[in-house]
Amino acid sequence: MTRTIVASATREIIIGFDQPFCVIGERINPTGRKKLAAEMIEGNFDTVIKDALEQVAAGATMLDVNAGVTSVNPNETEPGLLVQTLEIVQGLVDVPLSIDSSVTAAIEAALKVARGRPLVNSVTGEEEKLEAILPLVKKYDVPVVAISNDETGISMDPDVRFAVAKKIVERAMDHGIKPHDIVVDPLVMPIGALGDAGRQVFALLHRLRNELKVNTTCGLSNISFGLPHRHGINAGFIPMVIGAGMTSAIMNPCRPQEMEAVRAANVLNGTDANCTNWIMTYRDYKPAEGGAAAPTSTAPAAGGGRRGGRAARAGAGAARE
């Protein structure tokens, strides 16, 4: 069974088909968040701190950390800022972190100070990226997100996206990186623009699980981009995508409707043993006014652990909310 191990200094998490769904909190990312970007440029990390604590309290299994505040000279500005942000976050919370950057120098700088075993986000099928990122993944012995696009862009043909994923896995093996340390992002397209986007990703997930035997992730909210009541679409998508074989997602854990869907999927998928996490979270549940669901405790959404710039890249334009 494929298992991807990530860790903080004190906590290890397993991403896998037999594990609870891994919720990677997306909020520490200035993409589309002008206020947060301005704060980080000024050296103000109040929102970063708030988002880190709130996401873990809401049930995030991991946190994604991104410091891409500007497209102007990112090779100069991003490494130092990403290191500073990462050090603040890992000093606050004990969950593993995802180092999120399209700047190779920033990824390497962050890997030098990261505690435990972070996830690198990400590498693509582009030759330049493969040759820059895979040696770092091997050197620091960390897992990596593999995004299924290459020099030709993002294909609307799921067979092409699968071929790109396969290429990345094979190239990683050439560097001595095992498939269990590759977490493939098959690229979720907006259902409002591409009517078969859901069916495409479900079919891709089956192939990635059964043929490549890799774990998977996605920018979850891409599916609902451009539609009203996005959280309803997201919440419906979660159990379907988990049932198809997805094992993690970069998402907003502070949305109760979506986290309920994750927890329910864990129960129904058999990864919440004896419904323990569901019962701990909702044993004193009372519907909020207007019928909205609200848990009364903050038990984590995904166990699987023991003590011890994505929208732009995907081309979906999914704004962070």
One should read off an interatomic distance between L130 CG and H175 NE2, to the nearest 0.5 angstrom, of 7.5 Å

*Going by distance alone, is a donor N or O of one side chain under 3.5 Å from an acceptor N or O of the other, for N266 and N277?*
no

Margin query: Does any part of the side chain of V183, heavy atoms only, come nearer than 4.5 Å to the side chain of S248, both counted from C-beta?
Written below: yes

- Do you see a donor-acceptor pair shorter than 3.5 Å between the side chains of T152 and D150? yes

Tightest non-hydrogen contact, residues L187 and S148, listed as CD1-O, 3.5 Å

What one should report as the nearest heavy-atom pair of A110 and L86 is O-CD2, 3.5 Å

**OP:** State, with a plain yes or no, whether a side-chain heavy atom of I242 is found less than 4.5 Å away from one of N269.
**Re:** yes

Heavy atoms of T217 and I250 approach each other most closely as OG1-N, 3.9 Å

inquiry  = Can you confirm if the NZ or CZ of R230 lies within 45° of the ring axis of F225 and under 6.0 Å from the centre of its six-membered ring?
reply    = no

Q. Between the main-chain N or O of A38 and the side-chain N or O of R33, is there a donor-acceptor pair closer than 3.5 Å?
A. no

Check whether D196 reaches the backbone of Q200 with its side chain - one donor and one acceptor, N or O, closer than 3.5 Å.
no

(Q) Are the side chains of V169 and V214 in contact, using a 4.5 Å heavy-atom criterion? (A) yes

Pair N29, T31: side-chain N/O donor-acceptor within cut-off below 3.5 Å:
yes

Query raised in the report: If you measure only the distance, is there a donor-acceptor pair under 3.5 Å linking the side chains of R117 and Y140?
Result: no

Near K166 NZ, under 6.0 Å, is it more than 12 heavy atoms from other residues, nucleotides or ligands?
no

Heavy atoms of R283 and M280 approach each other most closely as NE-O, 3.8 Å

If you apply the rule salt bridge (charged side-chain N to carboxylate O under 4.0 Å, His left out), what do you find for E127 with K167, and how did you get there? CA-CA 10 Å; E127 286 298 323; K167 170 188 171 181; 3.3 Å; yes

K112 side chain vs I107 backbone, donor-acceptor pair below 3.5 Å | no

Output for pair (D64 CG, S122 OG), nearest 0.5 Å, gives 9.5 Å

- Task: Show your reasoning for whether side chain to side chain contact (heavy atoms under 4.5 Å, CB included) applies to I5 and E12.
- Result: CA-CA 7 Å; I5 295 175; E12 183 177 280; 3.6 Å; yes

- Do the ring planes of Y285 and Y282 sit parallel (below 30°), tilted (30 to 60°) or perpendicular (above 60°)? perpendicular

- request: Would you please test R207 and D159 for salt bridge (charged side-chain N to carboxylate O under 4.0 Å, His left out) and show each step?
  value: CA-CA 10 Å; R207 294 192 67 190; D159 289 338; 3.2 Å; yes

The side-chain contact (heavy atoms from CB on, under 4.5 Å) partner of L212 among T216, N215, N210, L208 is L208

Working note: E87 + V83, criterion side chain to side chain contact (heavy atoms under 4.5 Å, CB included); need CA distance, chi angles, decisive distance, verdict.
CA-CA 6 Å; E87 289 183 321; V83 166; 3.9 Å; yes

Shortest non-hydrogen pair, V23 vs G59, comes out as CB-O, 4.5 Å

Quick check: does any side chain N or O of E78 sit under 3.5 Å from a backbone N or O of S101, one acting as donor and the other as acceptor? no

*Check whether any side-chain N or O of T4 sits under 3.5 Å from a backbone N or O of H180 as a donor-acceptor pair, and report yes or no.*
yes

Check: In terms of side-chain geometry, is the basic nitrogen of D18 or R3 positioned less than 4.0 Å from the acidic oxygen of its partner?
Finding: yes

Rounded to the nearest 0.5 Å, the OG1 atom of T104 sits from the CD atom of E131 at a distance of 11.5 Å

| message | Working note: V144 + I133, criterion side chain to side chain contact (heavy atoms under 4.5 Å, CB included); need CA distance, chi angles, decisive distance, verdict. | response | CA-CA 9 Å; V144 63; I133 302 299; 4.3 Å; yes

Check: Just checking, any donor-acceptor pair under 3.5 angstrom between side chains of T271 and Q19?
Finding: no

For G219 and V188, the nearest pair of non-hydrogen atoms, with its separation, is O-CB, 4.5 Å

Value for CG (L119) from CG (L97), rounded to nearest 0.5 Å, stands at 10.0 Å

### Message
Please evaluate residues T61 and F21 with respect to the criterion side chain to side chain contact (heavy atoms under 4.5 Å, CB included), reporting the C-alpha separation (whole Å), side-chain torsions for both, the decisive distance (0.1 Å), and the verdict.
### Response
CA-CA 9 Å; T61 318; F21 191 67; over 6 Å; no

NZ/NE/NH1/NH2 to OD/OE distance under 4.0 Å, D185 and R161
no

ask   = Would you call T77 and L81 a side-chain contact if the rule is heavy atoms closer than 4.5 Å?
value = no

Using modelled atom types and a 3.5 Å cut-off, is there a donor and acceptor pairing between side-chain atoms of N252 and backbone atoms of C254? yes

query: Would you say the side chains of Q90 and S8 form a donor-acceptor pair under 3.5 Å?
result: no

d(H231 NE2, S224 OG) to nearest 0.5 Å is 8.0 Å

**Asked** Between S98 (side chain) and D100 (backbone), is there a donor-acceptor pair under 3.5 Å?
**Response** no

Heavy-atom check, side chain of D181 versus side chain of V142, under 4.5 Å:
no

In this structure, CG of N121 is separated from CE of M62 (nearest 0.5 Å) by 9.0 Å

Neighbour count above 12 (heavy atom, 6.0 Å) for D174 CG:
yes

Under a 3.5 Å threshold, yes or no: a donor from one side chain and an acceptor from the other, between E258 and N234? yes

_Take a 6.0 Å sphere around CE of M173 and say whether it holds more than 12 heavy atoms from other residues, nucleotides or ligands._
no

| Around E151, counting heavy atoms of other residues, nucleotides and ligands shown, do more than 12 lie under 6.0 Å from its CD? | yes

Does T2 reach the main-chain N or O of K213 with its side chain, forming a donor-acceptor pair under 3.5 Å? yes

